[in-house]
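Have a look at the structure below before the remarks.
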Amino acid sequence: MLEDIKAEVYAANMALPANNLVTLTWGNVSQIDRESGYFVIKPSGVEYDKLTVNDMVVVDLEGKVIEGNLRPSSDTATHAYLYKMWPEIGGIVHTHSKWAVAFAQAGLPIPAAGTTHADTFYGAVPVADRLTKAEVDHEYELNTGKSIVRTFVNNNINPIAVPGVLTNDHGPFTWGKNAKEAVHNAIVLDVVAEMTYHTRQLNPENIEVPQYLLDRHYYRKHGPNAYYGQR
Ligand SMILES: O=C(CO)[C@@H](O)[C@H](O)COP(=O)(O)O
């Protein structure tokens with residue numbers, strides 16, 4: 001099982017540069033095996049063109065390395081916290097995709113400006129609170145995870161309906177049932193960030209998609225009555 005997940009996580013990590021979501025060694029993808037409680041994540045700081053499936057690191061939810069010779073991603077504690085708090089997610093992606101990072105650095109959420117957004121995110125993609133100096137100085141990555149969950153709890157946002165967030169001053173995290181779906185959501189997030197930036201330039205008065213259209217487009221793809229694509 002973990003060998004299969006290693007292959008999926010490796011492929012998902014390689015999809016980040018392939019889709020222009022990262023530069024250099026930025027970003028990371030993981031996927032959890034809920035039976036064992038272990039998750040597989042990319043190693044820290046390894047160039048993507050040098051990465052191999054055997055470099056993937058298996059860690060437990062405390063971040064302890066279970067299998068692998070390399071240090072796991074520096075964001076491992078963020079992934080672990082999200083897996084602990086949200087048992088229904090199976091894969092997590094962090095990128096530095098440029099349009100989403102622009103919104104994150106501006107401290108702005110990405111509003112649901114159209115159906116492209118609504119297909120994947122049932123509402124605005126929120127921006128988490130700026131971390132305090134104390135949160136950065138001590139357990140930064142864990143506190144990044146806590147800021148994400150706090151944002152969803154305090155704003156009553158369902159993380160399954162809105163599978164992404166902008167960490168303030170930093171960049172996007174997305175998630176899904178597995179690593180592949182989390183990468184899909186990361187791709188959509190950056191596309192809609194760029195679209196929304198231009199939409200706001202053209203007509204800031206017309207930025208929010210009406211609720212009835214948000215409902216139609218989201219539930220066309222999600223939920224028991226979904227009819228998008230093939231069975
Ligand atoms: O946010 C950052 C750097 O600003 C990190 O998330 C890097 O983007 C990836 O780190 P590793 O996963 O290679 O440790």
Side-chain angles (χ1 to χ4, degrees), residues 5-6 8-32 38-83 89 91-107 125-133 135-149 151 163-176 179-180 182-183 185-187 189-190 193:
I5 294 179
K6 281 183 190 175
E8 290 175 54
V9 169
Y10 170 71
N13 274 283
M14 297 309 287
L16 300 190
N19 288 281
N20 299 314
L21 298 177
V22 296
T23 306
L24 303 175
T25 63
W26 303 334
N28 38 70
V29 186
S30 71
Q31 182 171 311
I32 191 167
Y38 297 155
F39 64 95
V40 178
I41 193 163
K42 82 157 206 185
S44 182
V46 177
E47 292 166 32
Y48 285 96
D49 59 5
K50 295 186 173 56
L51 211 51
T52 73
V53 64
N54 296 323
D55 294 331
M56 298 301 109
V57 186
V58 180
V59 293
D60 67 13
L61 286 172
E62 303 314 313
K64 177 172 171 277
V65 174
I66 303 298
E67 196 185 309
N69 305 316
L70 301 174
R71 286 200 297 192
S73 166
S74 53
D75 291 323
T76 295
T78 306
H79 290 237
Y81 186 77
L82 296 182
Y83 283 131
I89 68 174
I92 299 170
V93 167
H94 166 52
T95 79
H96 283 233
S97 61
K98 294 174 183 170
W99 290 97
V101 167
F103 275 83
Q105 293 180 161
V125 175
V127 60
D129 296 338
R130 171 169 280 170
L131 295 183
T132 65
K133 183 178 186 307
E135 288 173 316
V136 170
D137 288 350
H138 180 64
E139 296 188 319
Y140 167 49
E141 291 79 11
L142 172 59
N143 288 323
T144 296
K146 289 183 175 180
S147 76
I148 292 171
V149 172
T151 299
V165 70
L166 304 172
T167 55
N168 211 312
D169 305 311
H170 186 175
F173 282 79
T174 58
W175 47 86
K180 184 177 181 183
V183 169
N185 295 340
I187 293 168
L189 180 62
D190 207 64

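All ligand and atom numbering here is 1-based and tracks the order in the structure. Position 1 is the first residue of the sequence, and the numbers go up from there.
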Looking at atom 13 (O) of ligand 1, what's its closest protein heavy atom, distance included? G45 N, 2.8 Å

Give me the residue, atom name and distance of the protein heavy atom closest to atom 2 (C) of ligand 1. H96 NE2, 3.4 Å

With heavy-atom distances below 4.0 Å as the criterion, list the atoms of ligand 1 near [X].
X    : value
D75  : 5 (C), 6 (O)
T25  : 9 (C), 13 (O)
H94  : 1 (O), 6 (O)
S73  : 11 (P), 12 (O), 14 (O)
H170 : 1 (O), 2 (C)
S74  : 10 (O), 11 (P), 12 (O), 14 (O)
G27  : 7 (C), 8 (O), 9 (C), 12 (O)

Under 3.5 Å donor-acceptor, [X] side chain and [Y] backbone:
X    : Y   : value
N13  : Y10 : no
Y48  : W26 : yes
K146 : Y81 : no

If you measure every N or O of W26 against every N or O of ligand 1, does any of those distances drop under 3.5 Å? no

Distance alone, cut at 3.5 Å: any donor-acceptor contact between the side chains of N185 and T174?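 On atom types as modelled, these side chains do not qualify, holding no pair under 3.5 Å.
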
Positive for side chain to side chain contact (heavy atoms under 4.5 Å, CB included) with L51, one of T25, L70, V46: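 That would be V46.
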
From the list I187, V22, N28, side chain to side chain contact (heavy atoms under 4.5 Å, CB included) partner of L16 resolves to V22

Could you check H79 against H94 for ring pair (Phe, Tyr, Trp, His ring centres under 6.0 Å), going step by step and ending with a plain yes or no? CA-CA 9 Å; H79 290 237; H94 166 52; 7.8 Å; no

